[in-house]
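Letters A, B, ... mirror the listed sequences (proteins, then strands); counts begin at 1.
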Amino acid sequence: MKPLPLSFFKRPTLAVAKDLIGCRLVRRRGDGTIERHMITETEAYDGHDDLASHASKGRTPRTDIMFGPGGYWYVYLIYGMYWMLNVVTGPKDYPAAVLIRGLEGISGPGRLTKALGISHAQNKKPVSKKSDLWIEGPMKKIPPGMIEKTARIGIDYAGPLWTEKEYRFVLKSSKLG
DNA sequence: GGAGTGATGACA
DNA sequence: GTCATCACTCCA
C-alpha cells in the first residue's frame, strides 16, 4: 500500500480526522523493521478560533508548524513526560491539526508515541517515508456507522462552546483487520 | 483521588 | 529572570 499523499492532509481538518480512522500508521525502526498500526481514535483542532488548539494563542515558535501546509508532523511534549503526535492539516496559513489519540491495541496518545519511539525528532517532518513515519490507507473501507463522534478529551480549559464540539472520532469496534 | 515532569508562553 | 499551565498516565 502506498503512503497517503500530502494532498490528503491539505483538506478540511474534520474530514481528515474522520478519514484517518482505519488508516495505518507506519513506523520504520532504526534497525529497518517496519510496523503498521491501525488508527482507532483521532481529534481535530481547527483554526485559530478553536480555544482548545495551541494555535488559538497565535503564531509562536511552537505553533509555527500548524500555520504551514498540511502533511507535516507536529510533535510536542506534555506534562514533561509524554509526546503528542499530530499531523498538520488544511492549507498554508490556516492553523489546524489532527491529534492521533489511539491505535489498535494501544490506547492513549502518550502511550502510542512511547510504543513507537516517537519524539521531537519527528516534529516538523513531512508525513512520508523519508521521515520513517507515515500513513497508509485502510485495509478495508470503514463504514460511516462504525465511526463514533464525541467531544474532545482533556480540554475543559477551552470553555463549554469548544469542549462540547464533537471533534473526536473513534472506531466503534476493532473487528476490521 | 493525586503525583510526576519539563517545555512553553505570559509577564516583568 | 519568574511563574502557572498543560490535547497524559499511573497508582491508590
Side-chain angles (χ1 to χ4, degrees), chain A residues 8-23 25 27 35 37-91 93-127 131 133-135 147-172 174:
Chain A
F8 176 93
F9 302 100
K10 296 180 182 178
R11 300 177 301 133
T13 310
L14 288 169
V16 174
K18 180 165 74 69
D19 291 347
L20 281 177
I21 299 296
C23 291
L25 181 65
R27 177 67 164 141
E35 299 175 13
H37 303 267
M38 184 171 66
I39 297 171
T40 57
E41 184 180 350
T42 61
E43 275 180 5
Y45 290 82
D46 188 24
H48 68 276
D49 291 338
D50 183 353
L51 294 181
S53 171
H54 294 162
S56 66
K57 290 176 183 162
R59 198 163 186 157
T60 68
R62 179 169 66 160
T63 62
D64 187 63
I65 185 68
M66 290 184 74
F67 287 77
Y72 290 81
W73 296 116
Y74 167 40
V75 184
Y76 68 92
L77 187 70
I78 190 74
Y79 297 113
M81 280 178 278
Y82 303 104
W83 296 103
M84 298 289 103
L85 178 65
N86 301 251
V87 55
V88 176
T89 57
D93 294 327
Y94 184 84
V98 172
L99 170 65
I100 299 179
R101 283 193 66 89
L103 306 173
E104 187 177 30
I106 310 173
S107 57
R111 296 184 63 200
L112 79 87
T113 52
K114 185 178 179 187
L116 296 191
I118 293 164
S119 72
H120 63 106
Q122 281 72 42
N123 192 31
K124 300 188 178 185
K125 289 191 174 179
V127 182
S131 302
L133 185 66
W134 67 95
I135 300 177
I147 300 176
E148 188 176 6
K149 270 172 50 173
T150 81
R152 291 174 290 183
I153 306 293
I155 55 151
D156 288 351
Y157 62 86
L161 174 65
W162 293 98
T163 301
E164 288 166 8
K165 287 188 183 297
E166 297 192 318
Y167 282 5
R168 175 171 172 253
F169 300 90
V170 187
L171 186 64
K172 284 187 180 176
S174 58

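Asp19(A) has a carboxylate O that lies under 4.0 Å from a charged side-chain N of Arg11(A), or vice versa, which qualifies the two as a salt bridge. Taking a cutoff of 4.0 Å between a charged side-chain nitrogen and a carboxylate oxygen, Arg101(A) and Glu43(A) qualify as a salt bridge.
The closest side-chain heavy-atom distance from Glu41(A) to Arg168(A) is below 4.5 Å. Using a 4.5 Å heavy-atom cutoff, the side chains of Leu133(A) and Leu25(A) are in contact. In this structure the side chain of Val170(A) never reaches within 4.5 angstrom of the side chain of Thr40(A), judged on heavy atoms. Between Glu104(A) and Ile39(A), every side-chain heavy-atom pair lies at or beyond the 4.5 Å cut-off.
Remark: C1' of dA4(C) and CD1 of Ile78(A) are 13 Å apart, rounded to the nearest angstrom. Separating the CD atom of Glu166(A) from the P atom of dA7(C) is a distance of 21 Å, rounded to the nearest angstrom. Between Lys114(A) atom NZ and dC10(C) atom P there is a gap of 7 Å when expressed in whole angstrom units. When the C1' atom of dA7(C) is taken as reference, atom NZ of Lys57(A) falls 11 Å away, rounded to whole Å. Taking atom OH of Tyr157(A) as the reference point, atom P of dA7(C) lies 4 Å away to the nearest angstrom. When rounded to the nearest whole Å, the span between NE2 of His54(A) and C1' of dA7(B) equals 11 Å.
Regarding contacts with the backbone of dA7(C), every side-chain N or O of Arg168(A) stays at 4.0 angstrom or more from both OP1 and OP2.
Within the 4.0 angstrom heavy-atom criterion, base atoms lie near Leu99(A). Across all strands, Arg111(A) comes closer than 4.0 Å only to sugar-phosphate atoms, never to a base (heavy-atom distances).
For Tyr79(A) and dG4(B), the ring-to-base geometry does not satisfy the stacking test (centroid distance below 5.5 Å, interplanar angle below 30°).
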| note | Dot-bracket assigned to DNA chain C with the 3.5 Å Watson-Crick/G-U criterion, [ ] for crossing and | for other-strand pairs, is ||||||.||||.
